[in-house]
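Positions are given from 1, in the same order as the sequence printed here. Indexing begins at 1, ligand by ligand and atom by atom, following the structure's order.
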Amino acid sequence: MTAATEMPPLTVVLAAPRGFCAGVDRAVQIVERLLASRSAPVYVRHEIVHNRFVVEGLEAKGAVFVEELDEVPDGAAVVFSAHGVPKSVPAEAKRRGLAAVDATCPLVSKVHMEAARRAAEGCQIILIGHAGHPEVVGTMGQVPPESLLLVETAADAEAVAPATPDALAYVTQTTLSVDETREIIAILKRRFPAIAGPKREDICFATTNRQAAVKAIAGSCDAVWVIGAPNSSNSRRLVEVAALAGCPDARLIQGPEEIDWASLGGVSRLGITAGASAPEVLVEAVLAALAARRTLAVEEARHATETLAFKLPIQVRNL
Ligand code: 2E7
Ligand code: F3S
């Protein structure tokens, strides 16, 4: 094997902010606090956040991950994932007498409330988001089905045919591409000038910051690695943003085990970022794997500083 020092040095540019957001921090803390305070298993409905490493870490401490409430035994404690749930889920948990703790990100809850309020006012709601994603399933489940239309693309926005164009509102998934969503909203506003929108963007600060940070480095990097899971919407958007910003090789990796060493051949400047569900230890593990093969010069390119922290739900605050 070639010694690290014989290879040309590799500049690594770490985008900042990257990795865990305030909503993920809160969700993981909720599960950890419950685990520490109970001897019985803690059930979690859906991956608490979309990251295998995080899920396996919590499983090792006693969490049991399920997809639906019917897999949770009567009387057990259950946590709803950070992505949010349809209204029917807490209702069913209550009916079953489960001790439910809601780890839905407060910024998703805000979208839920907005959708419910608009529907109550008699509006039809256009939800901009990706079909089947748990956040979209959760937001759809806040309003009667006939009140909601899902728009995934600019083409959908051109084609959507609401029954009440004069009583119309839109909300969005929180992890979408900022640029693509702006384009979709512009189409909706052109076609339905009376459409109402949220006062503040539904795409969250963490998504916005991570996209801006990777965009700022992508054009000057030969490759960008986004650390995150294939089912992580915000992580996948980071790969797309990096590619659109001019990086010739933007890819998603879950951790050091997925590094394609051959692809690093012609790379002298490598950008690294991480999705909102990817812990910093995975970034460190990727850096350690790189350092074992190449001499590294590591820089950080900070776009913004995040200081927001969300309050924990009352049920776990004093545990
Ligand atoms: C909750 C929400 O778990 P993630 O990868 O989720 P996405 O939605 O990106 O697939 O990331 C954290 C997170 C982001 N948004 C959790 Cl609503
Ligand atoms: Fe919440 Fe945004 Fe994170 S919606 S969970 S702060 S990516």
Among K215, R237, Q211, whose side chain to side chain donor-acceptor pair (under 3.5 Å) with D179 holds?
K215
Based purely on interatomic distance, does S232 place a nitrogen or oxygen under 3.5 Å from a nitrogen or oxygen of ligand 1?
yes
Could you check atom 3 (O) of ligand 1 against the protein and tell me its nearest heavy-atom contact, residue, atom and distance included?
H50 N, 2.6 Å
Take atom 1 (Fe) of ligand 2 and tell me which protein N, O or S atoms are nearer than 2.8 Å.
C105 SG
Report the part of N231 (side chain from C-beta onward, or backbone N, CA, C, O) that has a heavy atom under 4.0 Å from ligand 1; answer both or neither where that applies.
backbone
Which protein non-hydrogen atom lies closest to atom 1 (C) of ligand 1, naming both residue and atom, and how far is it?
H83 CD2, 3.3 Å
Ligand 1 atoms nearer than 4.0 angstrom to some heavy atom of V49 are 3 (O)
Going through the distances and angles, do E114 and K110 end up as a salt bridge (charged side-chain N to carboxylate O under 4.0 Å, His left out)?
CA-CA 6 Å; E114 169 96 2; K110 189 196 95 178; over 6 Å; no
Does D202 use its side chain to pair, donor to acceptor, with the backbone of Q173 at less than 3.5 Å?
no
Any ring-ring contact (aromatic ring centres under 6.0 Å, His included) involving residues 186-230? Give me the pairs, sequence neighbours left out, ordered by first then second residue.
none
Backbone N/O of A154 and side chain of E183: donor-acceptor pair under 3.5 Å
no
Could you give all pairs that pass the side chain to side chain donor-acceptor pair (under 3.5 Å) test and reach residues 15-27, with sequence neighbours left out?
R18-E280, R18-E300
Would you check whether Q173 has a nitrogen or oxygen atom less than 3.5 angstrom from a nitrogen or oxygen atom of ligand 1?
no
Let me confirm one number: the CG-OG1 distance from L270 to T11, rounded to the nearest 0.5 Å.
9.5 Å
Under 4.0 angstrom from ligand 1, any heavy atom of T104?
no
So, does R96 use its side chain to make a donor-acceptor pair with the main chain of L69 at under 3.5 Å?
yes
What protein heavy atom lies closest to atom 11 (O) of ligand 1? Include the residue and the distance to one decimal.
N234 ND2, 3.0 Å
closest protein heavy atom to atom 14 (C) of ligand 1 is T175 CG2, 3.7 Å
Partner residues of R200 under the side chain to side chain donor-acceptor pair (under 3.5 Å) criterion, sequence neighbours left out:
none
Measure the distance from atom 12 (C) of ligand 1 to every protein heavy atom, then report the residue, atom name and distance (to 0.1 Å) of the closest one.
V24 CG2, 3.4 Å
Stepwise side chain to side chain contact (heavy atoms under 4.5 Å, CB included) check, S235 with L252
CA-CA 8 Å; S235 305; L252 189 69; 3.9 Å; yes
Quick one: look up the protein heavy atom nearest atom 4 (P) of ligand 1 and list residue, atom name and how far away it is.
S277 OG, 3.4 Å
Judging by distance only, is a nitrogen or oxygen of E135 under 3.5 angstrom from one on ligand 1?
no
Which atoms from ligand 1 have a heavy atom of V108 less than 4.0 Å away?
17 (Cl)
Is E47 close enough to touch ligand 1? Criterion: a residue heavy atom under 4.0 Å from a ligand atom.
no
Without swapping roles, check the side chain of R210 against the backbone of G275 for a donor-acceptor pair under 3.5 Å.
no
Quick one: do the N51 and S232 side chains pair a donor with an acceptor below 3.5 Å?
no
